[in-house]
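Worksheet for the structure shown next.
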Amino acid sequence: MRAVRPLIDAVAANGVPRDTFLRRARIDATHALSEDARLPRTKLFELFELALELTGDPAFGLHSVEALTSEAVSPLGALVSHAATLREALGSLQEFRALFGSESTFEIHEKDGKVRVRCHRFAEASVTAQRYLCEVSLGGLYLFLRRFEAAPVDYVAFAYRAPDYQAEYARVFEGRARFDQPWSGLCFDAAKLTAPAPHVDRELHDTLSAYARRRVRRLTVTQTWAERIHELLVWQSPPRDMSMRVVGKKLGVSVRSLRRHLSHEGKPYADIVSEARAAIAKVCLLDERRTIMETAQELGFSDNTSFHRAFKRWTGLTPMEYRRART
């Protein structure tokens with residue numbers, strides 16, 4: 001959700017109310033505000049496309065990254081801003097990328113006196129989502145590198161044809177954009193890695209580094225099996241299969257091991273499934289375009305009556321009462 005919050009803010013800055021975006025995205029407001037809430041990449045890609053649809057701005061990726069502030073990506077933004085050199089700043093981006101996702105969106109390679117930063121290609125991303133991701137990643141990196149040098153890179157490559165708004169690429173990347181390339185990324189002289197940062201604060205950088213390491217540790221070590229299962233179930237794409245066999249396979253463990261982990265945590269699997277179904281139902285009901293029957297069917301209920309009974313047990317409200325209270 002740390003990666004989604006700046007997106008929500010950028011959409012709102014384009015005149016789309018936050019509630020509208022969250023409702024269409026089927027994300028509960030309390031989930032959006034959670035510090036460590038996580039989404040699968042496929043959901044994130046859906047949000048990119050939704051942002052483009054709602055804003056009606058095909059160049060939204062480039063425009064949103066221009067408006068991004070270091071506070072929007074705190075603490076990572078402030079951390080890299082106070083690094084001693086460009087090399088240290090890029091190293092911090094790689095070391096603490098887990099604060100924004102389980103997998104980095106780019107890789108850094110140094111060879112033959114050149115540094116190449118390559119965007120990662122995600123097979124599950126549509127052409128539109130992949131282009132948006134490249135615009136945000138490379139646009140953000142380019143603007144960041146501009147703080148170190150007036151002419152920071154040799155060129156910025158894109159592994160797709162020039163879009164209709166090519167002029168915006170020329171403006172943002174100052175004429176250095178190249179299309180129809182074998183990879184997406186940017187290239188610059190390795191000598192620039194020693195370029196000093198414009199605002200170095202060693203004490204603040206070390207303090208923020210220690211804080212970031214604690215946060216990464218909390219994200220990657222302290223999450224319980226029950227929490228991991230709950231997240232997987234909630235953000236699983238329809239049709240949903242909530243069987244322990246399927247969940248175990250996706251988490252890379254056997255059913256027997258899964259039972260053992262949950263027994264150790266004192267959390268029955270049935271309780272996790274019930275809580276996940278309640279969370280899914282709440283998110284689905286935020287979308288007024290969906291009927292209550294469609295929500296019931298997505299959760300595996302054969303009729304409205306049984307869904308109403310279950311939802312009342314979960315929340316104390318009927319589905320319609322909940323929808324009216326939240327929309």
At what distance, to the nearest 0.5 angstrom, does CG of L232 lie from CE of M242? 9.5 Å
Kindly say whether E88 contributes a backbone atom to a donor-acceptor pair with the side chain of S92 at under 3.5 angstrom? yes
Heavy-atom neighbours of R171 CZ exceed 12 at 6.0 Å: yes
Salt bridge check, K312 against E321: does any charged N sit closer than 4.0 Å to a carboxylate O? no
Can E275 and K267 be counted as an ion pair, charged N to O under 4.0 angstrom? yes
Rounding to 0.5 Å, atoms NE2 (H308) and CG (D303) come to a distance of 9.5 Å
How long is the span from the NZ atom in K192 to the CG atom in L86, to the nearest 0.5 Å? 9.5 Å
When rounded to the nearest 0.5 Å, the distance separating CG of L133 from OG1 of T128 is 12.5 Å
Is the ring centre of Y169 less than 6.0 Å from the ring centre of F158? yes
Taking the six-membered ring of Y155, is NZ or CZ of R176 closer than 6.0 Å to its centre and within 45° of its axis? no
Quick one: pull up CD in E168 and CD in E135 and give me the separation to the nearest 0.5 Å. 10.0 Å
Which atom names give the shortest non-hydrogen contact between A125 and Q130, and what distance separates them? CB-OE1, 3.8 Å
Determine the minimum heavy-atom distance between S64 and Y132, stating which atoms define it. OG-OH, 4.0 Å
Would you say E174 and Y142 are linked by a side-chain donor-acceptor pair, where the criterion is simply a distance under 3.5 Å? yes
Side chain T194, main chain A191, donor-acceptor under 3.5 Å: yes
So that I can tick it off, tell me whether E265 and R260 are bridged by a salt bridge, with the cut-off set at under 4.0 angstrom between side-chain N and carboxylate O. no
